[in-house]
Amino acid sequence: MSARDNILARVRKGLGLPGNIPGAESDKARAYMAQQARGPRPTYGWSDNVARFCERSEKLGSTVDRVASLAEVPQAVARYLQSKGLPTSAVAWPALQDMPWSAAGLEVQARAARGSDLVGITGAFCAVAETGTLMLLSGEDTPATVSLLPETHIALVDVTRIVPGMEEAWALMKAERGAPPRAVNFVSGPSRTADIEQTIVIGAHGPYRVHVVCYG
Amino acid sequence: MLLTSSSFKRNVRRKLEDPSLQRNMKRFGGRFVEARAAVMTEVDNLEEIRVAAAAIRDRSLANLDSYLVEFEAQAQARGTQVHWAETAQDVNRILIEIARANGVRKIVKSKSMVSEESGLNDAVAAAGMEAIETDLGEYILQLAEEPPSHIIAPAIHKSVEEVAELFSEKHHTPRQTDIPALCREAREQLRPHFLSADMGISGGNFLIAETGSVVIVTNEGNGRMVTTLPRIHVAITGIEKVLPTLNDFSTVVRLLTRSATGQSITNYVSMLTGPRREGDPDGPEQSHIILVDSGRSRLLGTELQQALRCIRCGACMNHCPVYQNIGGHAYGWVYPGPIGAVLTPSYVGLENALDLPQASTLCGACQVVCPVKIPLPELMRVLREKSFSQGLRPWHERWSIMLWRTAASHPRLYAGLTRLAARLLRRLGGKDRLLHRLPGLDGWTEGRDMPAPSGQTFRELYRKRKA
Ligand code: SF4
């Protein structure tokens, strides 16, 4: 018997189930998964998803900007970079390559990120108000490295795509994409560590700064 | 990992006498406890969510075989190669086979406690490959050649001075004691390894049956690096870590991060499903998962099954007065604290970790904070009973218990003996009515005095009161 069969047989024996491989109980398991039950959540509420998202993002150590439309985003990004004294050349998701970056004085390359890139610009599949979290899906036009390797991560968030909780984010993903992509990354602020004397240090292996531009 | 749980008492003594560890543990003290308490005020219906989280974990375990098979089918459908490891040695063997078949030379690792169970790093080194830990705490310990002492903060027992010393010695850089500067130094040392490694190894906080995904919950970003940059990703995790649905995960993670570090969510929650898709510009070309049994299935159907609910948040050790004083190394294996006192004897054999279930005052703090409501004191009691009934306790302990039983089941004998003891102890207490030493129990009186009894037994006093 293979290791797999041995393990499954031991599990079934432990659980007091007959035989070596899952039988009728699997239907029960599948029925439960199909039900898509949602568990209880904290009962505190908020009236405005956008306001909640922005407030929680800042609490996580991100900075937040809000502009009226997508057209204003490149200017807002340029403003942020200049105000922080950061480089104005950046790598961005190919999905964002048609935006008027150069008109805003930015030099943007649309591709996956490399170790030497300093600024990365991404969109977001959606965002979660409860915790101030971005949900990023990997894909051909949305490489995962852009939000990971550069020291500064700038994320563009469409305010109509801010959902209350993680459960709604999953539901949106299933509705629009069906199966999950290779990587779903929930990003909540700049990377951090507290591994030396429990002292929180912002900027571990991932970005030192996360700047969110909400538009719409 | 080298098992030293059988010399627990000796380990403890050494740790209590180690001034630098004692200083570091004092600092550790309340920080996680306070952070958790503060963030839990956000969860106004904590108990309701804990009950739900425990039920989710129970459901997963009650149908573990079905959910594992479902997970496997979904994972394979998305291109993940699923491996099953019966023992810790199998984990090392499978991993080295994958690495050899793909000409792997350099491996970067994010935190995986299961790989500590099997001593994976040593096995990989013996096979001629290099495995580099990238979680800051684990990296520090790899340089120091020490095992982790906490499941989420592995280098909690080290001070900044010790880290500064270590970095300057191993990196050949000037010694610096500024914590952010040390973190940047580690980042700069490790970045080239992320970019050049052939394989990334991660643990898995959860497996999601409905999608065949592995989820990792991290803060530093190294978990994302090791699962994104190298051409091969291998996740190693225990078979008990499966959850049926993404919604179940959402419920459980609300408690996991709050219980662990006091964060309402960690910086990164990454769900990985298969290798890079056609057209993807990044991500590994191969995705593997090793499902590890190594003693877990043995707990199913026993009272100890509840321990498999564990989501490895570390809250039980953070709140444990014993852990707070002795640190994690004294427990002698991968999992310290109350959950370690239950899991270690279960995984490595009770006879090899006899003193761990005794290493508790049964104060109950661990059970109160456990997000999935594992009755840890009760489980330690179960193991204590087992060690007695299997004749594993030392003879003097067994004899004392047997004598006690005889006395306690003979009321007259009991009354006589207690009367004698009460009078004797009263006299020994002297003027200040304190016993500084109890013959045969000097371990107990070493750090404290026992108040002497009044000279009369409870029954005598009661009778007098009634009269
Ligand atoms: S036993 Fe409970 S408190 Fe301890 S690590 Fe596991 S889940 Fe956390």
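None of the values given here were measured: they were computed from a predicted structure. Reminder, nothing fancy here: chain letters follow the sequence lines and each chain counts from 1.
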Does any backbone or side-chain atom of [X] lie under 4.5 Å from a heavy atom of chain B? Answer side chain, backbone, both or neither.
X        : answer
A:Ala34  : neither
A:Val201 : side chain
A:Pro207 : both
A:Lys174 : side chain

[X] versus chain A, heavy atoms under 4.5 Å apart: side chain, backbone, both or neither?
X        : value
B:Arg296 : neither
B:Pro275 : backbone
B:Val163 : side chain
B:Thr218 : neither
B:Thr227 : backbone
B:Ile239 : side chain
B:Glu188 : neither
B:Arg191 : side chain
B:Glu72  : side chain

**OP:** Starting from the C-alpha separation in whole Å, work towards a yes-or-no answer on side-chain contact (heavy atoms from CB on, under 4.5 Å) for A:Tyr32 and B:Glu210.
**Re:** CA-CA 10 Å; A:Tyr32 172 74; B:Glu210 68 168 331; over 6 Å; no

Non-hydrogen atoms of [X] and [Y] that approach each other most closely:
X        : Y        : result
B:Pro281 : A:Gly139 : CD-O, 3.5 Å
A:Thr193 : B:Cys183 : CG2-SG, 3.7 Å
B:Glu42  : A:Pro42  : O-CB, 3.9 Å
B:Thr251 : A:Pro40  : CG2-O, 4.4 Å
B:Arg27  : A:Glu197 : NH1-OE2, 3.1 Å
A:Thr199 : B:Ile179 : OG1-CD1, 3.5 Å

[X] vs [Y] side-chain heavy atoms within contact, under 4.5 Å:
X        : Y        : answer
B:Tyr268 : A:Asn185 : no
A:Asp195 : B:Pro154 : yes
B:Met225 : A:Leu149 : yes
A:Arg4   : B:Val69  : yes

Most heavy-atom pairs under 4.5 angstrom with chain B, which of [options]?
options                     : answer
A:Pro180, A:Gly189, A:Gly39 : A:Pro180
A:Leu134, A:Leu15, A:Leu17  : A:Leu15
A:Ala194, A:Gly61, A:Ser147 : A:Ser147

Answer yes when [X] and [Y] have at least one side-chain N-carboxylate O distance shorter than 4.0 Å, and no when they do not.
X        : Y        : answer
A:Glu130 : B:Arg254 : yes
A:Arg41  : B:Glu48  : no
B:Glu70  : A:Arg30  : yes

Looking just at side-chain N and O atoms, do [X] and [Y] make a donor-acceptor pair shorter than 3.5 Å?
X        : Y        : answer
B:Asn267 : A:Ser191 : no
A:Asn6   : B:Glu86  : yes
B:Asn45  : A:Thr43  : no
A:Arg56  : B:Ser264 : yes

Original post:
Applying a criterion of heavy atom separation less than 4.5 Å, what residues of residues 153-172 of chain A form contacts with chain B?
Top reply: A:Met166, A:Glu167, A:Trp170

Subject >> Neighbours of chain B found in residues 112-128 of chain A - heavy atoms under 4.5 Å >> reply: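 Near chain B, by residue number: A:Ala112, A:Gly115.
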
**OP:** Nearest 0.5 Å please: distance from the CG atom of B:Asp248 over to the CD atom of A:Gln36.
**Re:** 8.5 Å

Subject >> Atom pair CG (B:Asp65) and CZ (A:Arg10), whose distance is rounded to the nearest 0.5 Å >> reply: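 Here the interatomic distance stands at 13.0 Å.
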
Original post:
If you draw a 6.0 Å radius around CD in A:Glu107, do more than 12 non-hydrogen atoms from other residues or ligands fall strictly inside?
Top reply: no

